Trainee: 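There's a structure below that I have some questions on.
Just so it is clear, the structure is predicted and the values come from calculations on it, not from any experiment.
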Amino acid sequence: MTAPPPVPDETGPGLADDPARIPSLAEVRTALRSPDIPLPAPRSVPEAAHRVRDLIHAERFFEARYIADSFAEVPAPAAERASLLQARIAALAASGLVDQWADAAAELVGLLRRSGHPAHAAAAASVVAEALAAAPHRGAARRGRPGEGGSGPATAADAGAPGRSPARGGRRRGEAPVASEDLLRVVRALEIVPLGEQADPAREARDLRRALESLPRVQDQLLGDPVVVEMTLRMRSAQALEGMGDRAGATRQALDVLELAQTGAVEGRTLLDPQRAETAAHAVLARTLAGPSPLEAVRHALAALRSLRRVDDPVLRIGIITDLLRALMRAELADHAGFVSGRLAALQRGIQRDAHRVQPLLAVATQRIVAQRFEAAAIPVAEVRRIAQEGRDRRAAMEASRLSARIHQLTGDAEGAMAELRRMAADARWLADDLDTSGADRARLIQEEIQAQALVLRHAVDLGERRVADAAAAAMERRTRPGAAPEELPAPLMWDYRVDARVGRVIAAGVGLARGDEDVTEALYEERRREAIRVIGEVPAGHEERARYWVAYLDDRHATMLASRGEAERALRAARRALAGWEHLGRTDDAARLRAQIAALEA
């Protein structure tokens, strides 16, 4: 039986042999230095916009609103004022203050109109009106609050939203023009009012792609630097593509963001980038390049950390340090990874919310497993399990079981590994069947469940736990039968797993038969063997070599079972069939072993 290991190998190709590209430990140590606290107070509207965005990401909404309000009357160019207003709207929306962000949105629409961008104002008003209609307590905006008069626009839509004049037979004098669909796509993608709802990554990636296609046609109608607008859209596109599993697409978009930033620097332009698109692009690349180019991923993670010298956001910093540690392990930089792991283990204790500590703890545990510090690795694994139990977090529990199984396997505790793998499979099954799980994520979780059950089956056969092996095989068959698996999982892969389950049941029955279990008869064994051969015969087109492997493997195990029962003649016939199969496949080691077995049987 074959199955992937329960923990992805955190080491990559041997890239650590290129000293010219390896960052020094001093460089890593400098990047991990904490920011100078307290940070200096913002002195301008652009600095205030940056600080407000940073505080929103750090979930310090009161401070974000305070700084935005403090700079509300500070003179600034229209583009800088709009940037601060959008940051203030984001802070109010994140705080759930619907009526106040509606007022701030109306102010933004007025600013856009006064600055000579009526089409941008119309699009913004339309997008805000859509957000108000979808927001909770949407009727609360400026509806006779105590102590306030009823004059003034109630929402951004009342301040000049498009779409009102066509209903009355054409555009009136002084009204904003109706925004084009291209402009609406771009303004929607810029998220004037982010309500914090998790969008489907595939839909979000599609909308952002359309917005980027529309941008060249409408960029002259927008207030602000077109380069920054494109950077923001591409950064969000990279994050959406990464969320849907398209790492290559995410890498391309993130690299485009950095190229745009470099172009602006070469041209001597000061880019107003309060959303830190450049930092976010480095962070995306630190994750997406960890597999194919781990050293490049390390460099991007270090660049992201260096850009956070004046950002007080522990969750963001620790998230990037976690990505750095994983990239270092992929690059096989053991000393660097050990140093970063120790710092990360200490830093993660300062995070307030336990949910934000799970990924750092998993990364630390993985590094300690790679370093064969198994007792030390068990400590963060136990902490993740505690957090998962208290927060009813099945994903965290599944990852804790995966790492715990790896520890048991590497320390020779097959029974402990089997128990942890069964827990992992149960969590993966629960998550895959959860109605809130997306299609692509469901396919990944189903494969996780099948792989865990395949390893349970292997351990159960080795330990002689026939009933556990039968239960694992039945779980694999339930997921792999025709029509049961999602389209994202290819049929040949599901057939391979289905054969694995059937062959496993044959081996388990053979173990019981050789051991003399009362509930295992030769008829049951032969029935399971015939069923396995039938499933092997359902081989998908183009996978005939794999079917030959399974036939040879089944004959090999059949010969071993018969030999253990003293049936030399039948064992010889099965062994010779297996030998022919291994020789046809070019499996020299297996063929040599079978020749020795045949010689022993003939003797």
Side-chain angles (χ1 to χ4, degrees), residues 1-6 8-9 13 409 414 447 450-463 469-470 472-473 476-477 479-482 485 489-511 513-514 525-565 567-603:
M1 291 177 292
T2 59
D9 187 4
Q409 283 182 325
Q447 191 168 3
I450 296 170
Q451 290 173 351
Q453 293 288 12
L455 286 166
V456 170
L457 179 58
R458 178 184 296 176
H459 286 304
V461 168
D462 292 341
L463 293 170
D470 283 343
M476 292 175 67
E477 290 186 62
R479 286 298 196 193
T480 58
R481 64 179 183 269
L489 293 174
L493 178 65
M494 293 298 98
W495 166 81
D496 202 29
Y497 278 129
R498 191 160 63 253
V499 174
D500 194 350
R502 288 289 184 179
V503 172
R505 299 191 78 176
V506 174
I507 296 170
V511 170
L513 191 63
Y525 171 82
E526 288 297 336
E527 178 186 353
R528 289 187 174 181
R529 185 165 171 270
R530 285 194 301 271
E531 185 61 24
I533 294 172
R534 184 189 66 78
V535 176
I536 293 172
E538 298 172 353
V539 53
H543 294 267
E544 289 77 14
E545 286 295 300
R546 187 63 178 164
R548 291 190 182 97
Y549 165 84
W550 279 120
V551 170
Y553 182 86
L554 190 58
D555 284 334
D556 193 338
R557 295 304 298 248
H558 184 49
T560 301
M561 188 278 297
L562 291 171
S564 69
R565 298 186 67 197
E567 301 185 38
E569 288 297 327
R570 294 179 64 192
L572 268 172
R573 289 196 294 272
R576 286 167 181 154
R577 290 196 303 270
L579 175 60
W582 291 136
E583 287 178 339
H584 176 82
L585 294 169
R587 306 273 297 227
T588 55
D589 291 344
D590 289 311
R593 176 177 51 79
L594 259 294
R595 289 191 192 96
Q597 184 176 344
I598 289 171
L601 288 169
E602 289 175 339

Trainee: What's the verdict on side-chain contact (heavy atoms from CB on, under 4.5 Å) for Val499 and Arg546, showing C-alpha distance, side-chain angles and the deciding distance?
Mentor: CA-CA 10 Å; Val499 174; Arg546 187 63 178 164; over 6 Å; no

Trainee: Donor-acceptor check, side chain of Trp582 to backbone of Ala592, threshold 3.5 angstrom: yes or no?
Mentor: no

Trainee: Going by an N to O cut-off under 4.0 Å, is there a salt bridge joining Arg502 and Glu531?
Mentor: yes

Trainee: Rounded to the nearest 0.5 Å, what separates atom CG in Asp500 from atom CE in Met494?
Mentor: 11.0 Å

Trainee: Answer yes if the side chains of Asp496 and Trp550 hold a donor-acceptor pair under 3.5 Å, and no otherwise.
Mentor: yes

Trainee: Show the nearest heavy-atom pair for residues Leu594 and Ala575, with the distance to one decimal.
Mentor: CD1-O, 3.5 Å

Trainee: Quick test of your reading of the model: are Arg481 and Glu477 salt-bridged, counting only N-O distances below 4.0 Å?
Mentor: no

Trainee: Listed by chain and number, what are the side-chain hydrogen bond (donor to acceptor under 3.5 Å, both in side chains) partners of Glu544, not counting sequence neighbours?
Mentor: none

Trainee: Output the distance between atom CD (Glu538) and atom CH2 (Trp495), rounded to the nearest 0.5 Å.
Mentor: 9.5 Å

Trainee: Nearest 0.5 angstrom please: Leu554 CG to Tyr549 OH, how far?
Mentor: 11.0 Å

Trainee: If you measure from CG on Leu457 to CE on Met476, what distance do you get to the nearest 0.5 Å?
Mentor: 6.0 Å

Trainee: Under 4.0 Å between a side-chain nitrogen and a carboxylate oxygen: does that hold for Glu583 and Arg595?
Mentor: yes

Trainee: side-chain hydrogen bond (donor to acceptor under 3.5 Å, both in side chains) with Asp470: which residues, sequence neighbours excluded?
Mentor: Arg528

Trainee: Flag the pair Arg593 and Asp556 as a salt bridge only when some basic side-chain nitrogen lies within less than 4.0 angstrom of an acidic carboxylate oxygen.
Mentor: yes

Trainee: Which distance, rounded to the nearest 0.5 Å, do you find between the CG of Leu455 and the CD1 of Ile450?
Mentor: 12.5 Å

Trainee: Could you go step by step and tell me if Arg557 and Val503 meet the side-chain contact (heavy atoms from CB on, under 4.5 Å) rule?
Mentor: CA-CA 9 Å; Arg557 295 304 298 248; Val503 172; 5.7 Å; no

Trainee: Between Ala508 and Ala469, what is the shortest heavy-atom contact and its length?
Mentor: CB-CB, 3.9 Å

Trainee: Mind checking the CG-CZ spacing from Leu493 to Arg498? Nearest 0.5 Å is all I need.
Mentor: 10.5 Å

Trainee: Is any NZ, NE, NH1 or NH2 atom of the basic residue among Arg576 and Glu602 found under 4.0 Å from an Asp or Glu carboxylate oxygen of the other?
Mentor: yes

Trainee: Any idea which heavy atoms bring Thr480 and Tyr497 closest together, and the distance?
Mentor: CG2-CB, 3.7 Å

Trainee: Can you name the salt bridge (Lys or Arg N to Asp or Glu O under 4.0 Å) partners of Arg548, sequence neighbours left out?
Mentor: Glu545

Trainee: Any ring pair (Phe, Tyr, Trp, His ring centres under 6.0 Å) involving residues 584-603? Give me the pairs, sequence neighbours left out, ordered by first then second residue.
Mentor: none

Trainee: Show your reasoning for whether side-chain contact (heavy atoms from CB on, under 4.5 Å) applies to Gln409 and His459.
Mentor: CA-CA 10 Å; Gln409 283 182 325; His459 286 304; 3.1 Å; yes

Trainee: Residues in side-chain hydrogen bond (donor to acceptor under 3.5 Å, both in side chains) with Arg587, at least two apart?
Mentor: Asp590

Trainee: Closest heavy-atom contact between Ala591 and Leu579?
Mentor: O-CD1, 3.5 Å

Trainee: Where do Ala514 and Ser564 come nearest, in terms of heavy atoms and distance?
Mentor: CB-OG, 3.6 Å

Trainee: By side chain to side chain contact (heavy atoms under 4.5 Å, CB included), which residues pair with Glu526, not counting sequence neighbours?
Mentor: Glu522, Arg529, Arg530, His558, Arg570

Trainee: Where do Ala563 and Ala571 come nearest, in terms of heavy atoms and distance?
Mentor: N-CB, 3.7 Å

